[in-house]
Amino acid sequence: MEVEGVAGGRKNTGTPKAIINSKFGSNASYVVEEVVEHVQDVCTEVSVPGLSVPGLSIPKKVHIMYRCRLELPEFSVVSGTFRKKKDAEQDAAQQAVDKLGIHPSIGKPTWEESLEELVSRISYLFSDKFLGTRHPMTGHLRATLRREGNHCGSFPISVITACDVKVNSLCKKIDPKVESNPSLALSFIKVAASKLSGSLSSPDEKLWIKRLNPYPHDIIESPIDQESCPPEVATVHALYIPSVMEEPVEPISFDVLPSVYYMDIIAQKLRMASASELLISRPTGKVSSETKLYYAAPEMYWSEASSSLQLAESCKDSLNVRASYLCDQDIYGNAILAAVDYTWKSKELSVEDISMQSYYRMLINKTPAGAYKLSRGAVITAALPSVFTTKTNWRGLLPRDILSTFCRQHGLAEPSFSTSLVLLKPSSELSGSPKEMGTMNPLNETEQADAGFLTSTIEESTESGSTCQCEVKVSCELAGPSKKLKTMISENATGQASAGFSTSIIKESVESESTYQCEVKILSKTQEVILVCSPKESFKRQNDCIQTVALRVLSWLNMYFLGIEPEKLNTSAEALDITFNPERFHEEFKFGPSIHGYQQRDIQEVINKKSQVDIEGQGSGISPTSGSLARITYSVSLVPADGHTKELLESADEFEFEMGTGAVISHLEVAIAQMSVGQSACFSIDIPDQEQILAASDDFTRINSLLNSYHCRLEYSVKLLHITELLEDKMEQAFFSPTLSKQRVEFAVDRIRQSDATSLIDFGCGSGSLLDSLLDYATGLEKIVGVDISVKSLIHAAKVLHSKLSKDSGTIKSAVLYDGSITVLDSRLCGFDMGTCLEVIEHMEEEQAHMFGDIVLGSFRPKTMIISTPNYEYNVILQGSSAGNQEENVHEKSQAGEHPFKFRNHDHKFEWTRQQFESWATKIATKHHYWVQFSGVGGSGDVEPGFASQIAVFTMEPPSPSTPSRTGDSPVSSTEEVTDSCKVVWEWNSSN
Ligand code: SAH
Ligand code: MG
């Protein structure tokens, strides 16, 4: 039989998705999310450092990857990241299959069946029909057919495994060991070819296959060939990697004529007669690259191929450590690293140059710190931070993503994160006795079924002292379980009377005191556990927790790659709550330290040595403190000792990093801490490590000869451009959980739900955070309106609202966004049931805020109006807890001026104390006949210094005979004409 797509006939059987589908049907839901991955273009020649991309001196590539969450009735799983959506889905399904303990023997082809399929696939690959198709392998086929002499038409078997995905996956089905020992695949193909001895020949001792009957002439000269443009010579820049470590890696180049098979030229460079016995590694370097290692099949290889142990033994001496390290596969003898191949895209040979710089980048990209540095485009300036504070302040690839990249680079499975939610609550606030707490279990089984993502809910409910601790394990990973959990809980709270007592405990706890713990496992391709990091610390935010754990593992791995002594490694593992399987670990990473760590002692010396910093220029007096973002411009040059000219290595016009986290080399951070905005500094340090210098430089020959001939130093020249104190963000994100802005939104949503409002207007709606969140809840609202002066924010709001409303509009019949100032009259803003104005007034001059107060209560007159603004007095908590030297700073200022503390945001024109806010609110309320109540979110109203965000809720007084007519104070009387000042930027109606 001739099978074109082996998988074709049995397309959907046996795949993890098919298994899940047969078991769960439509109860399985796949949610795919995009993950942006910044990957250095490690294999491309890059332009001169110092080009004008802000913050970058090296071009950066962004890959869109996909991650899939599979939700099943009982639990959910999250896949690793993949280039293709379907791979992410299959991976998620596979995880679910593993979790369910299904052994997919049913539906999985047996060994014999797979071999049979392999035979038919090989038969197809050598058929007339196949040569007429477009497939990377057809390029190779044609090239072998163009050869002269004996080798004409003999096809290297390793090319089949390198080009054909189906062959590869069939070989893996025959024996999963193929993953770690690709030579096994070659032997399976040989076996398959021997079953086709009627049409194919493959002598026992040879690694090639040849078709017995020549191809018909018209197929060889097929249209594909004829449409080809005039033949061109391709020059390939590649690298020669000797297996003897003492011999240097060297650039080589060769020309490929259209009439010659490129593999034969590579073979020649490796002193082989032809490509027939040439082996190809799996691709290395960046995702989807054609960068592969080429090497001669070792002698003995063939006869011993079925026993990898014997092979390893017999070839041990010729193991090419550098090459093996690059592609995570054992490579023997001298090798050539080249990016040249036939691809799906074009029938022409695709060629990419590989420079020494690309080589060094590929190398450092295999270490956690290196991958981070590359993601920042600052190889000799950036450093892997030692702490993760907030996502807002993090620059470059996130720890979790670096860890994924790292594992992929080292041929490991996707790291597996599991987070659990820890609930803590003083027992005085629990409404039940410890005994009654036991009743939570049955209840939570119902919840479990409803929610569809809790693996096991309340596992433990013990009382220890005055604190009751419950643990809820949530299997959901990055999918934001807190939100889901809360949704589920609020449903329960309203829907199930019997659930009242225990759910209220959970609800309280989740919102105020719950924290997350996270554990990460590093697994081999065969799912063996290599390393586990399981810190006891818990975090308010799930993402912080995940990123912190990932960063710990990265920091520790990095020490290993630097060649730190085993003893120290063990102690730091303990300190970081890391346990590892030493045998498996060393097996997976055996080459790492020998390749990266050769200059370890030098690094220590450099770190310990202090360097002289010269600071110049008139400073602004504003110095960066821990936690602030420093923006600098910098350049680094290599300075040879004997007065040779400097060589520029790396520079950036704008480079931003968080102070106090070790995000740049320590010398630089120390220097910046002494500077103030506007000042420049210059200092020099000893060479940290050659690998980095060579990865930064595009002129290998020159830099390498300087490094080898002279004592060189690195000279940094830097200017501090700007400091951002992200006080508000910090306040929002680090101090409160849920974030302060979320709490504000929830405060408003609660009020709306308690009211019978059918219309809502959000004054200063910004990007629509309130309107957007509102749509997640059932309210009685039919009309929602937002007003803002920032068109950019409004456009964002419109996009979000539009997509949400078109999916499910609930009770909403109309929605409008206006561009306009809320201090100007417009009749369309009048007469709503509910008005909100969250964190807006402080963005206006105080005068304007007074004007807004009058207009909103006097003219727009919503029945209920909610206004929030920061509580200035609360800033002491935030600023007191940041860096030590800032306290001094604050103290000085408090003696000097009226604002001892900074405002939370640069755009704030004022921030009021409780007294200032209450006086403003009371005045306008009295004037316009509203009642006012004060409240807030973040912190507590009863404890000094009050809530973090203060809120006034105004309620229109009911008309009564004793109150004088209100029309008098209103600037807008019903008869007066008002010119409408707002512009509609977006409008939506349910009938659309
Ligand atoms: N309410 C939103 C946005 C707060 S940020 C939230 O809670 O997320 C403050 C917003 O007020 C900004 O979007 C700004 O454009 C808007 N703003 C400031 N002065 C305004 C004015 N005079 N009229 C309308 N909007 C204003
Ligand atoms: Mg604000």
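First listed ligand is number 1; within each ligand, the first listed atom is number 1. Nothing fancy with the numbering, it's 1 onward along the sequence. In this text the structure is predicted, and so the values were computed from the model without any measurement.
- Geometrically, ligand 1 and L838 share a nitrogen or oxygen pair separated by less than 3.5 Å.
- Ion pairing between a basic and an acidic side chain is recognised when a charged N comes within 4.0 Å of a carboxylate O; E746 and R753 show no such pairing.
- Residues C830 and F860 meet the side-chain proximity criterion, which asks for heavy atoms closer than 4.5 Å.
- If you look at C837 next to ligand 1, there are no close heavy atoms at all, none under 4.0 Å.
- Applying the 4.0 Å criterion to heavy atoms of G820 picks out, from ligand 1, the atoms 23 (N), 24 (C).
- Residue-ligand proximity, S790 to ligand 1, at heavy-atom distances under 4.0 Å covers atoms 15 (O).
- Within the structure, the closest approach of C765 to ligand 1 falls below 4.0 Å when heavy atoms are considered.
- By the 3.5 Å distance cut-off applied to N or O atoms, G764 is counted among the residues near ligand 1.
- Of all the atoms in ligand 1, the ones that sit under 4.0 Å from a non-hydrogen atom of S769 are 6 (C), 8 (O).
- For V800, the side-chain contact (heavy atoms from CB on, under 4.5 Å) partners two or more places apart in sequence, or in a different chain, are D772, H796.
- Residue S868 places no heavy atom under 4.0 Å from ligand 1.
- The ligand atoms of ligand 1 that sit less than 4.0 angstrom from a heavy atom of E839 are 4 (C), 5 (S), 9 (C).
- Ion pairing of K909 with E845 is absent here, as no side-chain N (NZ or NE/NH1/NH2) approaches a carboxylate O to less than 4.0 Å.
- Between H850 and W920, the ring planes lie perpendicular to each other; the angle is over 60°, past the 30° to 60° tilted range.
- For the salt bridge (charged side-chain N to carboxylate O under 4.0 Å, His left out) condition, the pairs that include at least one residue of residues 623-633, sequence neighbours left out, are R631-E656.
- Between S821 and ligand 1, a contact under 3.5 Å exists for at least one N or O pair.
- Under the 4.0 Å criterion applied to side-chain N and carboxylate O atoms, R69 and E33 are not assigned as salt-bridge partners.
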